[in-house]
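These numbers were taken from a predicted model, which means no experiment stands behind them. Just follow the structure's listing: the first ligand is 1, and inside any ligand the first atom is 1.
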Amino acid sequence: MMPKASAERQVVRGACPHDCPDTCALENHIEAGRLVEVRGAADHSVTAGVLCTKVARYPLRVHHPERVLNPLRRRGPKGARIPAWERVSWDEALADIAARLHAICRDHGAQAILPYSYAGNMGILQYGSMDRRFFHALGASQLDRTICSSAGAAGLQVTLGSRLGMDIEAFAASDLIILWGTNPVASNLHLWSRCQEAKKRGATLIAIDPYRSLSAEKCHEWLPIRPGTDAALALAMMHVLIRDDLLDHDYIARHTVGFEALAERVAGWPPARAAEICGLPTEAIESLATRYGRTRRAAIRLNYGVQRHGGGGMAVRTIACLPALTGAWRSGAGGLLLSTSGAYPVDTVALERPDLMPRDAAGRPPRIINMSALGDALSPERVPASALTGRGSDTPVRALVVYNANPAAVAPDGNRVLAGLAREDLFTVVHEHFVTDTARYADYLLPATMQPEHVDIHRSYGHYDVLVNHRAVEPPGECIANTELFRRLARALGLDHPALAETDEALMRQALDFSHPALAHTSFEALMSRGHVRLAYPRVDGFIAPFAEGGFGTPSGRCEFYSAALAERGLDPLPSYVPPHEAAASPLAARYPLALISPPERNFMNSTFANIAELARPHGPPRLKLHPDDARARGLGDGAAVRVWNGRGEIRLTLEVTTDTRPGVATLLWGHWRDAPGTMGHVNDLTAQALTDLGGGATFYDCRVEVAAA
Ligand SMILES: Nc1nc2c(c(=O)[nH]1)N[C@H]1C(S)=C(S)[C@@H](COP(=O)(O)OP(=O)(O)OC[C@H]3O[C@@H](n4cnc5c(=O)[nH]c(N)nc54)[C@H](O)[C@@H]3O)O[C@H]1N2
Ligand SMILES: Nc1nc2c(c(=O)[nH]1)N[C@H]1C(S)=C(S)[C@@H](COP(=O)(O)OP(=O)(O)OC[C@H]3O[C@@H](n4cnc5c(=O)[nH]c(N)nc54)[C@H](O)[C@@H]3O)O[C@H]1N2
Ligand code: SF4
Ligand SMILES: [Mo]
């Protein structure tokens, strides 16, 4: 904890819990036991004293008048716009929930219970520790958490063998920065500030994005690529690099496998071929590749926009080959960054205790349900094979326990999700801060603590630091942390394994392996008192540079242009282009000619913050953005009331005609709740449950629609 700032004001160290690559170090300012201000820590180099608009105004969220402060039982119909609740005591709520879950276990088996959680809170404890232990001990279905990053993670695993990448600080020293499917002004502010430093030094910034995002408009060049075609672009870039010998032969010889096979593959990808697929000029591809090949300190900030398509895993695997061809990894200020989450020696076995899971006669643990197919998983008759990861029982889900997530607003194929949530025979428990779109369907809505009110340890997926979140204030009302909820539920259900009673302090000590080389230079105590520590990884010029000397985590220990592991699984062992499920060339495109993408709004964090009026107001109501050519072809003008539909759903809202979105692409910024002003329906009523080629990920941006006047 930090010293008292003054007699009245105390400053307590925290960490931002939101699903953001920046994982900022916070200073919570407390007066008379109340959070009055949140500042970015100045002594944490990544945060550098700066926060985004959302968290800089965090007291608005913590003290929001609509915050849920007590356990509530639903009284009216499920999904009512204004739900009716009855306040109950924790004891009563726990006893009733335990009785309901117990009856489901007895009548249908514990696999009929499904936990549904994601990254509303990214703390190692609050994201996944006591909750996993509880559901494991119960024998509930497991959840495959695929909604965000699993395709990209699988793609990186193939080529690099781990989720490691460039140091965020190194971007400031890069000479060429390619923002590939990412909008850091909105979603990665502290990387953007490094990009701006580089720009001031004379670096070139290029954005590859179907939409002229807040970041793309500040780059030197914007390449408005057709959604889901990035792999084709990368293959053509590799064609040029090899054709023109813009290669680091020494790096290739020492640290890669499969160069000959790669060269043969990309020989078939002249820029003209990619130009046709990507909807970009051939010269733009030539020039991008040449500049990339001629710049030693060339950085690619790859992000998740690229992998939310049917071929998303292969796209990441393909793009991740680029820096090994040119040897960009050698310099700290070159290489690629998608995620650093693989850097942390988190002891998940100790935290989650998979050993507590029961096994069936064949020795198999409970089935695994893919969260990106929640709509199908909630079918009343059976869980279809398409919603399962691997094989398992098809018995219907009869209880859903939601925490750290808002599936009614974030899961694809929203009409199917809502139909499932509305089932009278589904018992739903939601642990939340607010009456979200999902909470409206809850049988029990339970009050959760926010970041200043509980403890945690944080890793990051955008930098290499570990952070501590100390508790700064008493929880308001009857709010409890996720860890405490699952301790209480375990007790109520009579689950008496000692692992289910461990305190948060005990869990904190188990979270990280301090004997791992990345942490051996420090200790738990040092972390607690300093508030943050940087992991130890190889450095070049002061920046963490994980692959400067090779050291890839693949089976061969090299960057794998050729992957024997993919070949063994019967998949293409070489980088390739896998078209989107709903590609421009598919028969579906005749009926639904527009590709719809729905990246997040700047002032929201997924669907979090969308209910804070001060943050929502600047965005205004959601608007569908269409290129003037596409609007004209449909006789639509700016401000028209339109309907947007496909085979999955229909929504109504206002049109904005703008050259910020490329022809053939409709853009609808996302994060708004279902009852956003001026709209009927929600963008996720249009998105599909289809999964990615690798990693079983969600395909939010692989979605065709048609638009007409409402
Ligand atoms: N303010 C804010 N910050 C956030 C979030 C938020 O909701 N709000 N969400 C957080 C989360 S959960 C995540 S996963 C990260 C995501 O971080 P990013 O992946 O950086 O996400 P976005 O900012 O949406 O940027 C994705 C960009 O990809 C573009 N795009 C869409 N399809 C394609 C395509 O096929 N190819 C290419 N090249 N580009 C494409 C979109 O137009 C968008 O501009 O951000 C995190 N940070
Ligand atoms: N159309 C479209 N859909 C998308 C995306 C997109 O770009 N377009 N992006 C996708 C991506 S990248 C992601 S990651 C997912 C995000 O999906 P989610 O992880 O579901 O994210 P949020 O919508 O922020 O919901 C998190 C909820 O957790 C609650 N919460 C926060 N902290 C705690 C806590 O400590 N305890 C409990 N019990 N609750 C807490 C918050 O109040 C919030 O309601 O959405 C996906 N959906
Ligand atoms: S949301 Fe991101 S930028 Fe904002 S405070 Fe949290 S970690 Fe920092
Ligand atoms: Mo995400």
How far is atom 8 (N) of ligand 2 from the closest protein heavy atom, and which atom is that?
S598 O, 2.9 Å
Could you check which of T47, V55, V38, D22 puts a non-hydrogen atom nearest to atom 5 (S) of ligand 3?
V55
Six-ring centre of W90, R488 cation under 6.0 angstrom, axis tolerance 45°
yes
Contact partition for Y304 relative to ligand 2, non-hydrogen atoms under 4.0 Å:
neither
Tell me whether R132 forms a cation-pi arrangement with Y127, defined as NZ or CZ under 6.0 Å from the six-membered ring centre and within 45 degrees of its axis.
yes
Would you kindly specify which portion of T608 sits under 4.0 Å from ligand 2, judged on non-hydrogen atoms: side chain, backbone, both or neither?
both
Under 3.5 Å, is there a donor on one side chain and an acceptor on the other for N188 and D22?
yes
Run the salt-bridge test on D504 and R471 with the 4.0 Å N-O cut-off and return the result as yes or no.
no
Distance-only donor-acceptor check, side chains N482 and H431, under 3.5 Å
yes
Closest to atom 16 (C) of ligand 2 by heavy-atom distance, out of L669, N606, D685, is N606
Between F434, W670, F604, which one has a non-hydrogen atom sitting closest to atom 9 (N) of ligand 2?
W670
Exam field: side chain T699 to backbone D702, donor-acceptor pair closer than 3.5 Å:
no
Which segment of T23 sits under 4.0 Å of ligand 3 when only heavy atoms are counted:
backbone
Heavy-atom contact under 4.0 Å between L189 and ligand 3?
no
Distance-only polar pair, side chains of R623 and T654, donor-acceptor under 3.5 Å:
no
of all protein heavy atoms, closest to atom 8 (Fe) of ligand 3 is C24 SG, 2.3 Å
Can an N, O or S atom be found in C20 less than 2.8 Å away from atom 8 (Fe) of ligand 3?
no
Subset of ligand 3 atoms that lie under 4.0 Å from at least one heavy atom of C52
1 (S), 3 (S), 4 (Fe), 5 (S)
Cut-off 3.5 Å, side chains only: do N646 and E706 have a donor facing an acceptor?
no
Which is it for R61 and ligand 2 at heavy atoms under 4.0 Å: side chain, backbone, both or neither?
side chain
Do the ring planes of H18 and F609 sit parallel (below 30°), tilted (30 to 60°) or perpendicular (above 60°)?
tilted
Select the closest option to atom 42 (O) of ligand 2 among E432, M450, E601, judged by heavy-atom distance.
E432
So, are R13 and D43 salt-bridged, with charged N and O less than 4.0 Å apart?
yes
Honestly, for R308 the part within reach of ligand 2 (heavy atoms, under 4.0 Å) is side chain
Would you say the side-chain atoms of H458 and N469 include a donor-acceptor pair closer than 3.5 Å?
no
Between Y403 and Y116, is the gap from one ring center to the other below 6.0 Å?
no
Ignoring hydrogens and angles, state whether a donor on the side chain of S117 or N404 is under 3.5 Å from an acceptor on the partner side chain.
no
Using a 4.0 Å heavy-atom cut-off, say whether A119 meets ligand 2 through its side chain, its backbone, both or neither.
backbone
Please classify the T438 to ligand 2 contact at 4.0 Å (heavy-atom distances, strictly less than): side chain, backbone, both or neither.
neither
Mind checking whether F604 and H619 have parallel, tilted or perpendicular rings, split at 30° and 60°?
perpendicular
For T436, which part has a heavy atom under 4.0 Å from ligand 2: side chain, backbone, both, or neither?
side chain
Which protein heavy atom lies closest to atom 6 (Fe) of ligand 3, and at what distance to 0.1 Å?
C16 SG, 2.3 Å
Considering heavy atoms of the protein only, find what lies nearest to atom 23 (O) of ligand 2 and give residue, atom and distance to 0.1 Å.
S607 OG, 2.4 Å
Give me the nearest non-hydrogen protein atom to atom 20 (O) of ligand 2 as residue plus atom name, then the distance to 0.1 Å.
N406 N, 3.0 Å
Who's the nearest protein heavy-atom neighbour of atom 35 (O) of ligand 2, and how far?
N121 ND2, 3.0 Å
Y461 vs Y304 aromatic rings, parallel, tilted or perpendicular, using cut-offs 30° and 60°?
tilted
Ligand 2 to V410 polar contact by distance, N or O atoms, under 3.5 Å:
yes
Protein contact to atom 7 (O) of ligand 2 [nearest heavy atom, distance to 0.1 Å]
Y701 OH, 2.8 Å
Which bit of N404 gets closer than 4.0 Å to ligand 2, counting heavy atoms only: side chain, backbone, both or neither?
both
Look at atom 14 (S) of ligand 2 and say which protein heavy atom is nearest, naming residue and atom and giving the distance to 0.1 Å.
D19 OD2, 3.3 Å
Examine the proximity of ligand 2 to H431 and report which part, side chain or backbone, both or neither, has a heavy atom under 4.0 Å away.
both
